[in-house]
Amino acid sequence: MAVGDYGQLAWTVATILAWASLVALGIAWDAHVKFRILLDTPRLDELHMPPVWERRSHRWRSIGLVTFGVGILFFVAWTTVGAVP
């Protein structure tokens with residue numbers, strides 16, 4: 001019977017999810033900045049865009065927080081797998 005190295009797998013997944021959460025939170029920050037800029041501009045051709053950027057900001061922030069939470073769970077799993085002989 002082949003036994004995999006679950007500790008290494010948990011560490012790899014936790015690392016990938018941590019980077020993915022940073023990317024998603026960066027995208028959310030960018031969308032929020034664009035949303036705030038569009039609220040301050042009086043250009044009539046962009047009046048339809050603020051709701052789009054607001055939704056995009058909330059969506060990416062949610063994705064970032066969920067991936068961060070799952071990454072923490074995998075980090076805890078890696079810690080417990082490494083502690084169990």
Side-chain angles (χ1 to χ4, degrees):
M1 181 171 97
V3 177
D5 187 10
Y6 294 114
Q8 182 63 34
L9 179 63
W11 175 254
T12 303
V13 172
T15 304
I16 290 170
L17 287 174
W19 283 107
S21 70
L22 286 176
V23 168
L25 290 173
I27 292 171
W29 176 77
D30 181 57
H32 181 73
V33 167
K34 288 180 181 177
F35 168 66
R36 298 302 301 169
I37 290 171
L38 282 175
L39 286 180
D40 295 337
T41 59
R43 298 189 308 204
L44 296 176
D45 60 337
E46 294 181 347
L47 286 178
H48 65 284
M49 290 302 293
V52 172
W53 286 108
E54 184 179 21
R55 279 193 312 272
R56 192 171 295 168
S57 171
H58 291 297
R59 183 181 330 120
W60 280 105
R61 188 176 330 134
S62 299
I63 291 169
L65 293 176
V66 168
T67 56
F68 182 70
V70 174
I72 288 175
L73 290 176
F74 274 99
F75 178 74
V76 169
W78 170 72
T79 305
T80 56
V81 167
V84 175

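Since we're looking at a predicted model, the values are computed, not measured.
For Val66, the side chain to side chain contact (heavy atoms under 4.5 Å, CB included) partners two or more places apart in sequence, or in a different chain, are Val70. Listed by chain and residue number, Trp78 satisfy the ring-ring contact (aromatic ring centres under 6.0 Å, His included) test with Phe75 (two or more places apart in sequence, or in another chain). Take Ser57 and apply the side-chain hydrogen bond (donor to acceptor under 3.5 Å, both in side chains) test, not counting sequence neighbours, and it matches Arg61.
Through side-chain heavy atoms spaced under 4.5 Å, either directly or across other Ile, Leu, Val, Met, Phe, Trp or Tyr residues, Trp19 is tied to Leu22.
The distance from atom CG of Leu25 to atom OG of Ser62, rounded to the nearest 0.5 Å, is 10.0 Å. For the atom pair CD1 of Ile16 and CH2 of Trp11, the computed distance is 11.5 Å after rounding to the nearest 0.5 Å. In this structure, CZ on Phe74 lies 11.5 Å from OG1 on Thr15, to the nearest 0.5 angstrom.
Both Val23 and Ile63 belong to a common hydrophobic cluster when Ile, Leu, Val, Met, Phe, Trp and Tyr are linked at side-chain heavy-atom distances under 4.5 angstrom.
Contact between Ser21 and Phe68 at its shortest, heavy atoms only, is CB-N, 3.6 Å.
For the salt bridge (charged side-chain N to carboxylate O under 4.0 Å, His left out) condition, the pairs that include at least one residue of residues 9-33, sequence neighbours left out, are Asp30-Lys34. Annotation: salt bridge (charged side-chain N to carboxylate O under 4.0 Å, His left out) contacts involving residues 10-20, sequence neighbours excluded, are absent.
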